[in-house]
Structure formats: structure tokens, C-alpha cells
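Index from 1, following the sequence.
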Amino acid sequence: MSDIPETPLYDRAGSIRGYRMNKMAMSLGIPANREAFKADESAFLDSHGLSEAEKAAVMARDWHEMVALGGNLFFILKISAIDPTPMTRIGAAQAGMDHDLFLQQRLGKI
């Protein structure tokens, strides 16, 4: 399978690489974990063994980098529910576009 330019491919290697981050994100389905995450993100991420790069991406809400580090978008969307972050902002970040431009070009509206 060939690479798609500037698009992280989620494959077996990505799944293995992103296991800790994906497991942490899935744990946010539990109310107590969401509260712990909100109270001290850094400590919560440490408790799940995230690397410094993974922690930095999560704390910056850098959706593109989370995927590049092996995050499964379906799992890391649980992080977006904490803030909450609209799906269109995540789509714009994944496309490397300004949010308003993304809405205009991809959805035909602002």
C-alpha cells in the first residue's frame, strides 16, 4: 500500500504505537476518569504511561499529531468531548486548514 502525502496512515504499526494513548482516550468514557482528566491532565496522562510527545499532543489538542502518533480518531474524539471541541474544528486541523475556510470549502457554509 502506498503512502498518501501528509496523511498519517492508521495501520497495525500505528495501532501498536498509539495503544497507550487510545486506551487513555477510551477510559474517558468513565465519569470518574473524565473528572480526573479535568482536574490534572498531566498526572492523568502520566498514569496511562503516555510519552512526552503523546502528552504534548493531547494537552495541545493537536488532533493531527495525535493521529500521527498512532491515535485512532474514533478513540481520541473522546478527548474532544471534554472541552468540547466541534467536529468541524478537528476536521479543519486534520486538513491543515483554517476553520472558516474548512467550513466554506468542505461544507459550503460559514
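A donor-acceptor pair under 3.5 Å is formed between the side chain of Asp98 and the backbone N or O of Asp100. Listed for the Arg20 side chain is no donor-acceptor partner under 3.5 Å among the backbone atoms of His48.
When the shell of 6.0 Å around NZ of Lys38 is examined, it contains more than 12 heavy atoms from other residues, nucleotides or ligands.
Nearest heavy atoms, Glu65 versus Ala57: CG-CB, 3.8 Å. Looking at every heavy atom in both residues, Gly71 comes nearest to Ile76 through CA-CG2, 4.2 Å. For the residue pair Met21 and Leu69, the shortest heavy atom distance occurs at CE-CB, 3.9 Å.
Taking 4.5 Å as the limit, some side-chain heavy atom of Thr85 sits within range of a side-chain heavy atom of Trp63. The closest side-chain heavy-atom distance from Met87 to Leu77 is below 4.5 Å. Between Ser42 and Asp40 the shortest side-chain heavy-atom distance falls below 4.5 Å. Contact check for Thr88 versus Arg106: no side-chain heavy atoms found under the 4.5 Å cut-off. Residues Arg34 and Ile82 have side chains in contact (heavy-atom distance under 4.5 Å, counting atoms from C-beta outward). Here the side chains of Ser27 and Phe37 are not in contact, with every heavy-atom distance at 4.5 Å or above.
Residues that satisfy the side-chain contact (heavy atoms from CB on, under 4.5 Å) test with Ala92, not counting sequence neighbours, are His99, Phe102.
Met24 contributes atom CE, which lies 12.0 Å from atom NZ of Lys78 (distance to the nearest 0.5 angstrom). Here CD of Glu35 is found 11.0 Å from CZ of Phe44. Values are rounded to the nearest 0.5 Å.
Taking a cutoff of 4.0 Å between a charged side-chain nitrogen and a carboxylate oxygen, Glu41 and Arg61 qualify as a salt bridge.
No option in Ile90, Asn22, Val58 other than Val58 meets the side chain to side chain contact (heavy atoms under 4.5 Å, CB included) test with Met66.
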